[in-house]
4 protein chains.
Amino acid sequence: MAATDAVVGSGIKGVTRASGAGAISPGATAAAGRPRSEQTHRAILDATLALLSEVGFAALTVEGVASRAGVGKATIYRRWASKLPLVVEAFDGLPGFEETDTGTLAGDLKAMLSGYLKNFLATPLATVYPSLAAERSHNPALGEVLDPVLVGRRRPLDAALERAVARGEIAADTDLEMASDLIVGPIAVRLFFRGARIHPAMVDDMVELALHGIKRASPTTAAADESTGKR
Amino acid sequence: MAATDAVVGSGIKGVTRASGAGAISPGATAAAGRPRSEQTHRAILDATLALLSEVGFAALTVEGVASRAGVGKATIYRRWASKLPLVVEAFDGLPGFEETDTGTLAGDLKAMLSGYLKNFLATPLATVYPSLAAERSHNPALGEVLDPVLVGRRRPLDAALERAVARGEIAADTDLEMASDLIVGPIAVRLFFRGARIHPAMVDDMVELALHGIKRASPTTAAADESTGKR
Amino acid sequence: MAATDAVVGSGIKGVTRASGAGAISPGATAAAGRPRSEQTHRAILDATLALLSEVGFAALTVEGVASRAGVGKATIYRRWASKLPLVVEAFDGLPGFEETDTGTLAGDLKAMLSGYLKNFLATPLATVYPSLAAERSHNPALGEVLDPVLVGRRRPLDAALERAVARGEIAADTDLEMASDLIVGPIAVRLFFRGARIHPAMVDDMVELALHGIKRASPTTAAADESTGKR
Amino acid sequence: MAATDAVVGSGIKGVTRASGAGAISPGATAAAGRPRSEQTHRAILDATLALLSEVGFAALTVEGVASRAGVGKATIYRRWASKLPLVVEAFDGLPGFEETDTGTLAGDLKAMLSGYLKNFLATPLATVYPSLAAERSHNPALGEVLDPVLVGRRRPLDAALERAVARGEIAADTDLEMASDLIVGPIAVRLFFRGARIHPAMVDDMVELALHGIKRASPTTAAADESTGKR
DNA sequence: TCGTAAGCGAGACGGTACGTCGAGTCTTGCT
DNA sequence: AGCAAGACTCGACGTACCGTCTCGCTTACGA
């Protein structure tokens, strides 16, 4: 799941309807009238996250968010065109991978994935992620909003791979995109499609398997590992 | 995505409300009243699949299925408790992995994954899969219905791995479940979470990467492969 | 209410769909197949009456009657075209006015009306009557079925008026139809349109009022009555 | 029918769900949110009356009213709890007895009843009235809503009787409630239970009969009448 | 300092779909 | 054939949200 995740705050305000800019871009028209309340903004996003973890994405209603946030429905629609960009923005506020540098690729990956798992269980990530994925397949426009967020969120993972290349730990011609998919794929499949709990110890095994491959030469290769002996 | 998929017809009739059995279990009471029409059953499932690919899971309405199938809503609710088990059953009718034995693990995997990709693009699989995944996170009951289907669908993949173990192609102590997740994970992530098209040639690369790992010694290792040269 | 009511069994079989006759009229074609069960017929009518008093006409469902009578819905529709003629026939089996001859018009009317009131409270009459009336206004065909029943049911009342004419108790040129409406009207209005309970003693007052009119000379006129002193 | 009827606009707003009042009661809170459209209100009531005369009460559906009025179903349910109070309010808007004072009781009654008959034939009164009556027998709550309306509608009739008492035309101890039932009863019975047309001339006869009673002393009494000679 | 334009909570609006129930019909297998 | 059982299509039920629209405030600018 992780390759599709990481970092905070890529900013998807572009999804909103309203002028937005105003005071920000210098020289813009003076934004007459009462400015939008930042406090209201937070209340809506907080209510959205709370409801997401309680009832899930499908059962999330704009009406529910409004009443939970103590806000009028119109106030929400004034800022987000639908519940989708609202959820995307709320989602973007959730914690992702935590930049970690242990000196080895295996160490970095194990640390980041373990940390991520903790967040995963404590936030609505498990709920939101597949819902957004489900929506994307019939709403290509969502991709444009979502992709930058996802790219941003997986940055620490990519950085670890780049460091490994720089250190000569992995081949320079490695397809890093594919590599990060390989690391993150099995975990995503287990979490989302199989609803399986992932034991922290399992993370280490998965990283090893991804690093050395299914056809790893022999147990000796594994024994040569710098990580905890597994199996 | 693939490890969570394969084969046809695992039979999830258990989701239906009605007695169902009747003539099947020998000695059962003769099922009084007019029997359910098998033709109606097909019409409903077909309409469901058609609508799934057109509008997706979230926008799928039972009302829409009924009118498309030329059937009363009650007839649908008589057989499925909600749109979820209906979709699961329709989904189970979709093609999955095709049992293939080329003599080598890499050959089997490449053939099956390539074949699967074709199905994937031609059927509502791309739509249905993440939708079911999304639902599961807030509906644990779905897992019980869905899991047997998924296990059934991935059987050909598991079989190929088992053959590879028997041939000594991979270590006997390999965790096969994790291995199949590793093969299938990257593809799933690309298809669902990134909305990326996967080029057939990419499948071969992915298989190679999964078999030899990110830290594979060098391109020479790959060159020594018994499979088609890639890159 | 009464003028629209009285007597038993005017027979409205004409409303039914089926051939009906069969074995009854001698010489008729031999009524191939299994003959209709008379027992079933009774069971259906009984269930209808029972449900009428329990839930009322509007909430009466053919489905309910069928299940209460232990009968298939088709069996009911084979005999009655809809719930309306079914209810009419069941209604026709209810008790109406009881033929009474006390020697004076006032005595006859008071006796019959009092008796009728008792039935009224113990049977679904109160429910069925206005429902049928309500239906008639938009279903003229109902009138044809209902009217003979009603005429039959009010016969004892008409007979009492005729005896009064014969005795010279009332003018020979009296419009008897109007007279019976005058007797029965106030009670009907109170029962149906005002939902008022009618005390037995009130019946006597009403009869007196109808007999002597609103402009009756004075209380003395009433005091000269041959009936029980009221007021 | 008449005693259960008369006058316009007794106001049964109490049946509605909503607060209603708002600006009416002085000092009330300013009724937040968009106010209910009076135009919508009229459209709904008009559609209700139109459908009532076309299809009758039983076949009247809220869905039908909504679509005829060009209104959402929810808008109807927001204002009336069910079709019953809706119909009651629509009914209350129908014309009833027209206050008339000719100087004599017979004159007042004949005028008012004749006028009423005209309304009766031109509006859905014939349909609505028995339907409401039918409903009441199984829905006591209806009585509470309906009774004040009916009392209001019959006011002109009661007033005429009171004037007659004041003039000494009828005895002071006359039970006026019973008297109005006597006047109105025969007409109600004929209209509702027998589906009979009532000729205007018949109204006069009925009034005379009610005033002088079935046992009226002799034709001479009738000849002494101030009204048109009848029979 | 004040007018004014926008933001705001509330909630009514026309709709669509929900899952259920009954209508009236049809089908099956038994009697 | 009649019959009990029950599946069939159809259409209405009353509810919940949708996304839009008025209301009558409140709030911060800029003239």
Side-chain angles (χ1 to χ4, degrees), chain A residues 18-19 22-23 30-37 40 59-64 66-67 69-79 81-83, chain B residues 18-19 29-37 39-40 59-64 66-67 69-79 81-83, chain C residues 18-19 22 30-37 40 59-64 66-67 69-79 81-83, chain D residues 18-19 22 29-37 39-40 59-64 66-67 69-79 81-83:
Chain A
S19 44
R34 177 178 175 179
R36 294 187 180 167
S37 156
T40 296
L60 181 81
T61 68
V62 174
E63 207 139 80
S67 98
V71 139
K73 263 199 294 178
T75 300
I76 295 181
Y77 282 108
R78 207 177 289 122
R79 295 158 187 246
S82 71
K83 84 167 172 174
Chain B
S19 44
T29 39
R34 178 176 175 175
R36 294 186 181 169
S37 155
Q39 181 179 330
T40 296
L60 182 81
T61 67
V62 174
E63 206 139 81
S67 97
V71 138
K73 256 198 297 179
T75 299
I76 296 181
Y77 283 109
R78 207 178 289 123
R79 293 158 186 248
S82 71
K83 82 169 173 174
Chain C
S19 44
R34 178 176 173 180
R36 293 187 181 168
S37 155
T40 296
L60 181 80
T61 67
V62 174
E63 206 140 80
S67 98
V71 139
K73 263 201 291 179
T75 300
I76 295 181
Y77 282 107
R78 208 177 288 124
R79 294 158 188 247
S82 72
K83 84 168 172 175
Chain D
S19 44
T29 39
R34 180 175 174 175
R36 295 187 181 169
S37 157
Q39 180 179 329
T40 296
L60 182 81
T61 66
V62 174
E63 207 140 79
S67 96
V71 138
K73 257 197 299 180
T75 299
I76 296 181
Y77 282 109
R78 207 177 288 123
R79 294 159 186 249
S82 69
K83 82 168 172 175

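Below, read A as the first sequence line, B as the second, and so on, with proteins coming before strands; counting in each chain starts at 1. Remember, predicted model here, so these are calculated numbers, not experimental data.
When heavy atoms are screened at a 4.0 angstrom cut-off, G70(D) is found touching the sugar-phosphate backbone but no base atom. Nucleic acid contact class of A74(C) (heavy atoms, under 4.0 Å, all strands): base. Note on K73(B): a base of the nucleic acid sits closer than 4.0 angstrom, heavy atoms only. As judged by a 4.0 angstrom heavy-atom cut-off over every strand, S82(B) is placed among residues making no nucleic acid contact.
The phosphate of dC26(E) has neither OP1 nor OP2 within less than 4.0 Å of any side-chain N or O from R78(C). OP1 or OP2 of dC3(F) lies within a sub-4.0 Å distance of a side-chain N or O belonging to R79(C). Note on T61(B): every side-chain N or O is 4.0 Å or more away from OP1 and OP2 of dT16(E). Residue R36(B) places none of its side-chain N or O atoms closer than 4.0 Å to OP1 or OP2 of dC26(E). For the pair T75(B) and dA7(F), the criterion of a side-chain N or O lying under 4.0 Å from OP1 or OP2 is not met.
A straight line from CD of E63(C) to P of dC8(F) spans 15 Å, rounded to a whole angstrom. Atom CD1 of I76(D) is separated from atom C1' of dA16(F) by 17 Å (rounded to the nearest Å). If you take OH of Y77(C) and C1' of dC3(F), they are 17 Å apart, rounded to a whole angstrom. Across the protein-nucleic acid pair, L60(D) atom CG and dA12(F) atom P stand 11 Å apart, rounded to whole Å.
The side-chain hydrogen bond (donor to acceptor under 3.5 Å, both in side chains) check on T40(A) picks up S37(A), with sequence neighbours excluded. For K73(A), the salt bridge (charged side-chain N to carboxylate O under 4.0 Å, His left out) partners at least two apart in sequence or on another chain are E63(A). Partners of S67(B) by side-chain hydrogen bond (donor to acceptor under 3.5 Å, both in side chains), not counting sequence neighbours: none found.
Considering all non-hydrogen atoms of both residues, R78(A) and R36(A) come closest at O-NH2, 3.5 Å. Across every non-hydrogen atom of I76(C) and V71(C), the tightest pair is CG1-CG1, 4.0 Å. Looking at every heavy atom in both residues, K83(C) comes nearest to L60(C) through NZ-O, 3.0 Å. Nearest heavy-atom pair across A66(B) and G72(B) is CB-C, 4.2 Å.
Comparing the axis of the opening five pairs of the helix from dT1(E)-dA31(F) to dT31(E)-dA1(F) with that of the closing five pairs yields an angle of 10°, rounded to 10°.
Side-chain proximity of V71(A) to dC13(F), dG9(E), dC13(E): nearest is dG9(E). Set against dG11(E), dA6(E), dC13(F), the side chain of R34(A) has dA6(E) as its closest nucleotide.
Mapped onto DNA chain E by nearest heavy atom, G33(B) and G33(D) fall at different nucleotides, with G33(D) at the one closer to the 5' end. Nucleotides of DNA chain E nearest to K83(C) and P35(B) differ in position, and the one nearer the 5' end is that of K83(C).
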